[in-house]
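Along the sequence shown, residues carry numbers from 1. All heavy atoms count here, side chains included; hydrogens, waters and symmetry mates do not.
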Amino acid sequence: MYRYDYTISLGVRHPSAASAEVASRLALERGFFRDVGTELRDDDGTLIRVHPFTWVLFNLSRGKDGWLMDAWPTVIPLLQSRAEAITALVQAGAEVDMRIGLFGHQHGTWAGFDLDHALVRLLADLRIRFQLETYFPDESDLPTADGTSPD
């Protein structure tokens, strides 16, 4: 098994609350956010006047050249301490996701990890959805033997 980089984030999609309110309830600093009613532009530049929900993302943990399991002792207590706020958000119609991104360094390698039993139980109890995305470089994206880019 090879080491990898990872990110763990908590995403909240709420039908009416502003991202600042969600952040305040969870006592977390917002990463990416877009509030309900935000004006957006479509791909062709057309103005979309009202966004139908608030979307806010909180970065919980990041690791460089390590193992995802090293983050569980930090992530589990962080979620446990916010269980009441997460439950209230879900009861108010919010959807909550825990998102994990794994970023491999080598083509053709694999990244393994264990999900902590307490974490899985907590995600189920709080009705937090789980999403995992993996990113490994294509062979054509890797540097050549002399260290130069193949482009």
Side-chain angles (χ1 to χ4, degrees), residues 1-38 40-43 48 51-144 149-151:
M1 199 162 47
Y2 296 91
R3 294 178 167 282
Y4 46 83
D5 301 344
Y6 63 86
T7 62
I8 303 172
S9 58
L10 191 69
V12 178
R13 184 176 157 156
H14 198 285
S16 60
S19 61
E21 179 185 342
V22 174
S24 175
R25 286 182 181 185
L26 293 173
L28 291 171
E29 185 176 331
R30 296 176 295 182
F32 172 83
F33 65 93
R34 181 178 54 221
D35 287 324
V36 64
T38 301
L40 301 171
R41 296 229 175 245
D42 205 347
D43 290 340
I48 302 170
H51 198 72
F53 57 85
T54 291
W55 171 245
V56 60
L57 195 65
F58 303 98
N59 295 315
L60 302 183
S61 183
R62 292 181 185 270
K64 186 102 174 125
D65 197 29
W67 308 107
L68 187 59
M69 291 80 71
D70 295 339
W72 299 152
T74 304
V75 171
I76 293 170
L78 188 144
L79 292 175
Q80 287 172 330
S81 67
R82 290 158 175 84
E84 191 174 307
I86 292 169
T87 299
L89 287 168
V90 169
Q91 288 173 346
E95 297 174 1
V96 182
D97 302 321
M98 188 172 88
R99 298 163 172 247
I100 296 177
L102 296 180
F103 305 89
H105 301 286
Q106 297 175 289
H107 172 73
T109 60
W110 59 280
F113 62 90
D114 292 323
L115 287 176
D116 186 283
H117 294 282
L119 175 65
V120 173
R121 183 69 209 178
L122 184 60
L123 294 176
D125 289 346
L126 296 176
R127 294 160 66 202
I128 297 174
R129 294 188 245 183
F130 180 80
Q131 180 178 337
L132 173 68
E133 296 179 10
T134 58
Y135 305 92
F136 289 87
D138 290 332
E139 195 166 7
S140 62
D141 294 337
L142 296 173
T144 60
S149 176
D151 294 349

Result of checking Leu79, Ile128, Val75 against Leu122 for side-chain contact (heavy atoms from CB on, under 4.5 Å) = Leu79

Qualifying salt bridge (Lys or Arg N to Asp or Glu O under 4.0 Å) pairs, either residue in residues 86-99, two or more places apart = Glu95-Arg129, Asp97-Arg99, Asp97-Arg129

What are the two closest non-hydrogen atoms of Arg30 and Ala20, and how far apart are they?
-> NH1-N, 3.5 Å

Quick one: side chain to side chain contact (heavy atoms under 4.5 Å, CB included) partners of Tyr135, sequence neighbours excluded?
-> Phe103, Glu133

For the pair Leu26 and Leu89, evaluate side-chain contact (heavy atoms from CB on, under 4.5 Å) and give the outcome as yes or no after the intermediate values.
-> CA-CA 9 Å; Leu26 293 173; Leu89 287 168; 4.0 Å; yes

Which pairs of donor and acceptor atoms, one on a side chain in residues 53-65, lie under 3.5 Å apart (sequence neighbours left out)?
| from | atom 1 | to | atom 2 | distance (Å) |
| --- | --- | --- | --- | --- |
| Thr54 | OG1 | Ala17 | O | 2.6 |
| Thr54 | OG1 | Val36 | N | 2.9 |
| Lys64 | NZ | Asp5 | OD2 | 3.1 |

Sorted by chain and residue number, the side chain to side chain contact (heavy atoms under 4.5 Å, CB included) partners of Gln91 (sequence neighbours excluded) come out as Thr87

Side chains of Leu115 and Phe130: does their closest heavy-atom pair fall under 4.5 Å?
-> yes

What residues, two or more places apart in sequence or in another chain, satisfy side-chain hydrogen bond (donor to acceptor under 3.5 Å, both in side chains) together with Arg25?
-> Glu21

Do the non-hydrogen side-chain atoms of Trp72 and Ile8 ever get within less than 4.5 Å of each other?
-> yes

Could you name each residue pair satisfying salt bridge (Lys or Arg N to Asp or Glu O under 4.0 Å) that touches residues 66-86, not counting sequence neighbours?
-> none

Quick one: closest heavy-atom pair of Leu119 and Met98, and the distance?
-> CD2-CE, 3.9 Å

Those residues that, when tested against Arg121, pass side-chain hydrogen bond (donor to acceptor under 3.5 Å, both in side chains) (two or more places apart) | Asp125

Mind checking what makes side-chain hydrogen bond (donor to acceptor under 3.5 Å, both in side chains) contact with Asp116, not counting sequence neighbours?
-> none

Which atom pair, heavy atoms only, marks the closest approach of Ala92 to Pro15?
-> O-CG, 4.0 Å

Any residue meeting side-chain hydrogen bond (donor to acceptor under 3.5 Å, both in side chains) with Ser9, in chain and number order, not counting sequence neighbours | none

With rounding to the nearest 0.5 Å, note down the distance linking CG in Leu10 to CG in Leu78.
-> 8.5 Å

Would you check, one step at a time, whether the test side-chain contact (heavy atoms from CB on, under 4.5 Å) holds for Leu126 with Val90?
-> CA-CA 8 Å; Leu126 296 176; Val90 169; over 6 Å; no

Using modelled atom types only, decide if a donor and an acceptor are shared between the side chain of Asp35 and the backbone of Ser19 within a distance under 3.5 Å.
-> yes

